[in-house]
Amino acid sequence: MLVSDLKNIIREVPDYPKPGIVFYDLTTLFKNGGAFRTVIERLAERFREDKIDMVVGIEARGFMLAAALAYEYGLGIVPVRKPGKLPWRITGEDYTLEYGQGRLEVHEDAVEKGQRVLIVDDVLATGGTAAATGRLINRLGASVCGYAFLVELCFLNGRDLLRSDNVFSLISYP
């Protein structure tokens, strides 16, 4: 399946969550087995040579992509969660969203010092969530070797906030 085919599977919902916004509904892609397989194969191929030690998935849809990539690579997966979801000692990071403030948390022992981590999420928009995740991983002593996204909303310039030359989005909307 071609990337252009994947883009055609994503449902575009106009005026959601407010007038003038086009929401790209990925559930139509996730429920299509062939499309989902293509997404995972393409993302996995892009980062196959990057010597990844751990895959980090950002809540919530990033979990689906990260889990499939971790399986493909034979690696573990670390969930980065919204506040109050993790049962053990955590470290957190506050960040700015396009509509307010957010916070992400991860277990203190989620990654080991020196590990190379791939951060995965469904959409790169303003970059705040992914950048906060990168700061969390760095604070724990690991390094971010790349960022993988299914969709990038290029007009929001989120890539600029990541300060990495290893950012890949399978589908881009200008």
Can you name the nearest heavy-atom pair linking [X] to [Y], along with the distance?
X    : Y    : result
I21  : P17  : CG2-CD, 3.8 Å
V111 : V117 : CG1-CG2, 4.0 Å
G134 : V144 : CA-CG2, 3.9 Å
A44  : Y73  : O-OH, 2.8 Å
F47  : A148 : CE1-CB, 3.5 Å
A66  : G57  : CB-CA, 3.5 Å

- Item | Inter- and intrachain pairs under salt bridge (Lys or Arg N to Asp or Glu O under 4.0 Å), touching residues 112-123, at least two apart |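 Every pair satisfying salt bridge (Lys or Arg N to Asp or Glu O under 4.0 Å) with a residue in residues 112-123: R61-D122.
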- salt bridge (Lys or Arg N to Asp or Glu O under 4.0 Å) contacts touching residues 147-174 (sequence neighbours left out):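 Sorted pair list: E152-R159.
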- Remaining members of V13's ILVMFWY cluster at a side-chain heavy-atom cut-off under 4.5 Å?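 Direct or chained contacts put V13 with Y16, F23.
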Who are the side-chain hydrogen bond (donor to acceptor under 3.5 Å, both in side chains) partners of [X], not counting sequence neighbours?
X   : answer
T38 : none
R37 : none
E72 : R48

- Message: Regarding S143 and Q115, do their side chains bring together a donor and an acceptor under 3.5 Å, going by distance alone?
- Response: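 Checked: S143/Q115 side chains show no N/O donor-acceptor pair below 3.5 Å.
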Residues which pass salt bridge (Lys or Arg N to Asp or Glu O under 4.0 Å) with [X], listed by chain and number, not counting sequence neighbours:
X    : result
E108 : R89
E93  : R135, R139
D25  : R11
D94  : R103

Separation of [Y] [atom2] from [X] [atom1] (nearest 0.5 Å):
X    : Y    : atom1 : atom2 : result
I90  : K85  : CD1   : NZ    : 13.5 Å
L69  : L75  : CG    : CG    : 9.5 Å
N157 : L162 : CG    : CG    : 11.5 Å
L86  : T91  : CG    : OG1   : 11.0 Å
I9   : K31  : CD1   : NZ    : 10.5 Å
I10  : T27  : CD1   : OG1   : 10.0 Å

- More than 12 heavy atoms from other groups under 6.0 Å of CD on E49: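 No, not enclosed.
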Going hydrophobic residue to hydrophobic residue with side-chain gaps under 4.5 angstrom, can you get from [X] over to [Y]?
X    : Y    : value
V3   : F30  : yes
L118 : I137 : no
V120 : L153 : yes
I58  : F36  : no
I52  : I119 : no

- Could you note down all residue pairs passing ring pair (Phe, Tyr, Trp, His ring centres under 6.0 Å) where residues 128-174 supplies at least one of them, sequence neighbours left out?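 Ring pair (Phe, Tyr, Trp, His ring centres under 6.0 Å) check on residues 128-174 returns Y24-Y173.
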- Message: Tell me which one of L156, L150, V151, I171 satisfies side chain to side chain contact (heavy atoms under 4.5 Å, CB included) with V123.
- Response: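 So the option named by the test is V151.
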- Item | Short side-chain to backbone donor-acceptor contact, N8 and S4, under 3.5 Å |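 Answer holds: yes.
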- Using the side-chain contact (heavy atoms from CB on, under 4.5 Å) rule, take Y71 and V55 through it: C-alpha gap first, then chi angles, then the decisive distance, then the call. CA-CA 10 Å; Y71 177 82; V55 179; over 6 Å; no
- Item | side-chain hydrogen bond (donor to acceptor under 3.5 Å, both in side chains) contacts in which one or both residues fall within residues 50-59, not counting sequence neighbours |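 Counting only pairs at least two positions apart or across chains, the side-chain hydrogen bond (donor to acceptor under 3.5 Å, both in side chains) contacts touching residues 50-59 are D50-N166, E59-R81.
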